[in-house]
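Both counts, for ligands and for their atoms, begin at 1 and track the order of listing. FYI, the numbering just counts along the sequence from 1.
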Amino acid sequence: MKIAIYDTYDDMSKAAAELVAQQLAEKPASVLCFPSGDSPTGTLNYLVQWANEGKIDLSQSFFIGLDEWVGMDENDQGSCKYYLKTNFFDKLNNKLTNITLFNAKAADLEAECERINKFISSKGGLDIMMVGIGMNGHLGLNEPGTPVDLYAHLADLDPVTIQVGQKYFNQETKLTGGITLGLRHLSEAAKAVLIASGAKKAGIIHESLQGTVSTDVPASILQKLSNAIVLLDKDAASELEHSS
Ligand SMILES: N[C@@H]1[C@@H](O)[C@H](O)[C@@H](COP(=O)(O)O)O[C@@H]1O
């Protein structure tokens, strides 16, 4: 695991976007996974800007969604699909064709997990799997207690995830479950990239990156991964020992 610390959220976002740009330069038909949430907005803004300026070419790449709230689609403004559509796909001048997102309204959600698993393996695996971190250390919707050897799977939501996740929805919306890529995807990706910013993430970043490696804190798996690159702003890194 490598850790890089940046002064600001913008610097961190630019560095994450540069990793993607470098990947695209090396392999135009890369398989890329992006999270939703607040963390990746800056990174996606850079990618949109560079693509629209013609500095990067996204046209041959494959885009995979990290996770989704069960029962939600792009009509739900808090959904991961809505986020990726409005913050990324819709902003690109040249529209992408290779987008594969979870259908969290599928009648058979287990089959939906298999569909995504097969798609990723048919492409030879993920080149970059980018994730944010939840306040309970979840990655995607790999909740505390999730085995590390799972590919895409359904998730029972942790109480912390339900409470924090409500920020994306109105109060009447009930979050009932998740569908997510697994930690095995993360360990098998060519690059597993975690982005985290802000002082509120400092505690869980410290626990994840310098605490005991345990399924109780899903992000602690990153400590064991030689493919892991952690990009933090200095606020999120503020509780790390020996951080500068
Ligand atoms: N399911 C999403 C994750 O994909 C996201 O990475 C994480 C952090 O969100 P944020 O970036 O808003 O802090 O929590 C959410 O629950």
Cationic N near anionic O, under 4.0 Å, Lys27 to Asp127: yes

For Glu207, check salt bridge (charged side-chain N to carboxylate O under 4.0 Å, His left out) against everything at least two apart and list the hits. none

Which residues pass the salt bridge (charged side-chain N to carboxylate O under 4.0 Å, His left out) test with Glu110, sequence neighbours left out? none

Assess the pair Tyr168 and Tyr83: is the distance between their ring centroids shorter than 6.0 Å? no

Sequence neighbours left out, what passes side-chain hydrogen bond (donor to acceptor under 3.5 Å, both in side chains) with Asp149? Give chain and number order. none

Measuring from each atom of ligand 1, which residues have a heavy atom under 4.0 Å away? Ser36, Gly37, Asp38, Ser39, Leu66, Asp67, Trp69, Gly132, Ile133, His138, Gly140, Leu141, Lys167, Tyr168, Lys201

Indicate if Leu44 and Phe62 have the same hydrophobic cluster label, given that clusters are the connected sets of ILVMFWY residues with side-chain heavy-atom separations under 4.5 angstrom. no

